[in-house]
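Because the structure is predicted, anything quoted here is derived from the model rather than measured.
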Amino acid sequence: MGWRTVVVENSHRVSLYLSNLKIESSEGTYLVPLDDIDVLIFNNYKMSITTQLLCKLSAYNICTIVCEKNGMPGVITNSLTGHCMAYKHQKLQLNQIDFMKSKLWMQLIHQKILNQVFVLDKYTRPMHTIEILMELADNVCEDDSTNREGLAAKSYFRGLFGEGFIREHESDDPVNIALNYGYSIIRAMMARTLIGKGLLLSIGLKHKNIYNHFNLVDDCMEVYRPIIDLWVYDSLCKSQDFFTREKKLELLQFISEAICYHSNKKYPISLSMNQLVDSFIRCLDGKQEELDLPVLMSE
């Protein structure tokens with residue numbers, strides 16, 4: 001797995017040259033080794049991309065994102081061939097019992113709320129909101145049938161971004177735009193990780209929308225959302241800034257450098273997702289009962 005996040009904006013054509021990404025623009029031609037790339041973002045609606053390059057990006061399991069005219073991620077590409085144990089992993093998925101799904105979802109939501117608490121505490125947001133979230137985290141039940149996640153989100157976003165803030169997927173305010181952009185990147189990275197492990201993205205734990213090909217992705221990414229919230233508050237809300245191109249690049253840099261903890265060991269987000277998904281497979285196989293979830297804490 002590579003380590004670089006590459007954003008291509010000004011190129012008129014990108015192609016494959018040996019095992020390199022070839023970027024052609026009016027300023028010149030650049031080569032980037034595919035081995036170095038973790039996330040690749042194409043943000044030019046008129047760019048030409050060769051099919052040979054797309055196939056090689058898939059073979060290298062590079063998280064490839066194509067943005068729409070407005071600069072928001074619109075397409076992600078995933079390989080059709082995943083892990084060598086794909087059949088076994090998919091069989092485990094299809095045979096998992098509802099009790100296991102409920103238990104794993106409870107663990108995800110519990111840690112998601114605790115990560116939200118970390119964000120609030122880091123920026124000394126209202127103590128009563130932190131206390132509410134701590135109580136909700138302690139009372140998450142199997143399958144989160146009492147919707148502790150939804151109640152926590154309502155208090156959390158208002159506590160972090162202000163009482164007047166409304167979380168919306170379709171919004172033109174800088175905070176929501178930045179959150180949507182960051183979540184889209186995390187979603188693409190999680191999809192890449194799951195498909196790389198040979199799992200079926202449409203078979204989720206809690207998400208079961210028949211029109212959603214990424215139900216499992218949306219389940220597993222929940223615990224990573226507070227990482228994006230942390231950056232958005234620190235970089236936009238404190239400075240009352242707009243989500244400019246420069247801020248977008250700053251967010252991508254932050255995602256590539258952000259650290260999660262697993263059993264007190266530090267991992268960048270990409271490797272952290274590997275830890276989580278590997279533990280998910282072991283849980284499906286009956287080899288362990290608890291997911292290895294990413295924890296946010298001060299370094």
Side-chain angles (χ1 to χ4, degrees), residues 63 65 73-80 82-83 85-116 136-137 139-154 156-157 167-170 179-180 182-229 273-294:
C63 179
I65 302 168
V75 176
I76 62 175
T77 65
N78 285 302
S79 173
L80 290 177
H83 197 271
M85 300 289 285
Y87 175 75
K88 177 184 177 181
H89 294 170
Q90 291 170 12
K91 188 176 180 180
L92 289 171
Q93 257 188 290
L94 294 171
N95 291 335
Q96 63 185 317
I97 58 177
D98 289 339
F99 172 74
M100 180 184 294
K101 290 183 179 181
S102 299
K103 186 176 180 180
L104 297 181
W105 180 247
M106 176 184 68
Q107 294 174 29
L108 281 164
I109 296 308
H110 176 76
Q111 188 57 55
K112 176 186 178 181
I113 297 176
L114 292 182
N115 284 346
Q116 290 174 331
L136 290 171
N139 288 282
V140 176
C141 58
E142 291 178 1
D143 199 42
D144 190 26
S145 57
T146 55
N147 194 29
R148 302 295 96 174
E149 178 194 18
L151 294 173
K154 185 176 181 180
Y156 168 71
F157 282 116
R167 173 75 187 108
E168 294 180 334
H169 296 286
E170 301 291 338
L179 290 174
N180 291 333
Y183 294 159
S184 296
I185 302 301
I186 293 293
R187 191 177 193 236
M189 293 172 67
M190 180 57 74
R192 181 269 306 273
T193 303
L194 289 166
I195 200 73
K197 300 293 183 179
L199 293 165
L200 295 171
L201 305 188
S202 59
I203 308 300
L205 298 172
K206 183 70 171 181
H207 291 83
K208 300 176 182 179
N209 190 326
I210 61 173
Y211 303 106
N212 182 10
H213 296 282
F214 296 90
N215 286 314
L216 184 59
V217 179
D218 293 335
D219 287 331
C220 294
M221 69 170 283
E222 289 292 345
V223 74
Y224 290 92
R225 288 179 182 268
I227 297 174
I228 303 300
D229 307 336
M273 289 180 174
N274 278 330
Q275 294 290 113
L276 169 57
V277 176
D278 284 342
S279 71
F280 173 67
I281 294 170
R282 289 193 295 271
C283 287
L284 294 182
D285 205 16
K287 296 179 179 179
Q288 67 183 67
E289 296 184 357
E290 302 289 329
L291 292 170
D292 186 2
L293 295 167

For residues 201-208, please give each side-chain donor-acceptor pair under 3.5 Å, one per line with the distance, not counting sequence neighbours.
unit_1 : atom_1 : unit_2 : atom_2 : d
K206   : NZ     : D143   : O      : 3.1
K206   : NZ     : D143   : OD2    : 3.3
H207   : ND1    : D219   : OD1    : 2.6

Return the [atom1] to [atom2] distance between [X] and [Y], rounded to the nearest 0.5 Å.
X    : Y    : atom1 : atom2 : result
L291 : M106 : CG    : CE    : 10.0 Å
C141 : W105 : SG    : CH2   : 12.5 Å
H89  : I281 : NE2   : CD1   : 4.0 Å
M190 : Y224 : CE    : OH    : 5.0 Å
F280 : L216 : CZ    : CG    : 5.0 Å
R225 : R187 : CZ    : CZ    : 8.5 Å

Could you tell me which non-hydrogen atom of [X] sits nearest to which non-hydrogen atom of [Y], and how far apart they are?
X    : Y    : answer
I76  : A191 : CD1-CB, 3.9 Å
D292 : S279 : N-OG, 2.9 Å
P73  : S184 : CG-CB, 3.6 Å
L114 : A137 : CD2-CB, 3.9 Å
C63  : R192 : N-NH1, 3.5 Å
Q288 : E290 : NE2-O, 2.6 Å

Return a table of donor-acceptor pairs under 3.5 angstrom between the side chains of residues 146-153 and protein atoms on other chains or two or more places apart.
unit_1 : atom_1 : unit_2 : atom_2 : d
T146   : OG1    : R148   : NE     : 3.1
N147   : OD1    : G150   : N      : 3.2
R148   : NE     : T146   : O      : 3.4
R148   : NH2    : T146   : O      : 3.2
E149   : OE2    : K112   : NZ     : 2.9

Can you list the residues that meet the side-chain hydrogen bond (donor to acceptor under 3.5 Å, both in side chains) rule with [X], with sequence neighbours excluded?
X    : answer
N180 : R167
E289 : K103
D144 : none

Only counting residues at least two apart or in another chain, list the ones meeting side chain to side chain contact (heavy atoms under 4.5 Å, CB included) with D278.
-> K197, R282
Would you confirm whether [X], through its side chain, and [Y], through its main-chain N or O, come within 3.5 Å as a donor-acceptor pair?
X    : Y    : result
E222 : I109 : no
Q93  : L200 : yes
N215 : N209 : yes

CA sep, side-chain torsions, deciding dist, call: L108, L104, side chain to side chain contact (heavy atoms under 4.5 Å, CB included) | CA-CA 6 Å; L108 281 164; L104 297 181; 5.5 Å; no
Side-chain heavy-atom pair L194, M273 within 4.5 angstrom cut-off |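 Of all side-chain heavy-atom pairs linking M273 with L194, none is under 4.5 Å.
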Would you check, one step at a time, whether the test side chain to side chain contact (heavy atoms under 4.5 Å, CB included) holds for V140 with I113?
-> CA-CA 10 Å; V140 176; I113 297 176; 4.0 Å; yes
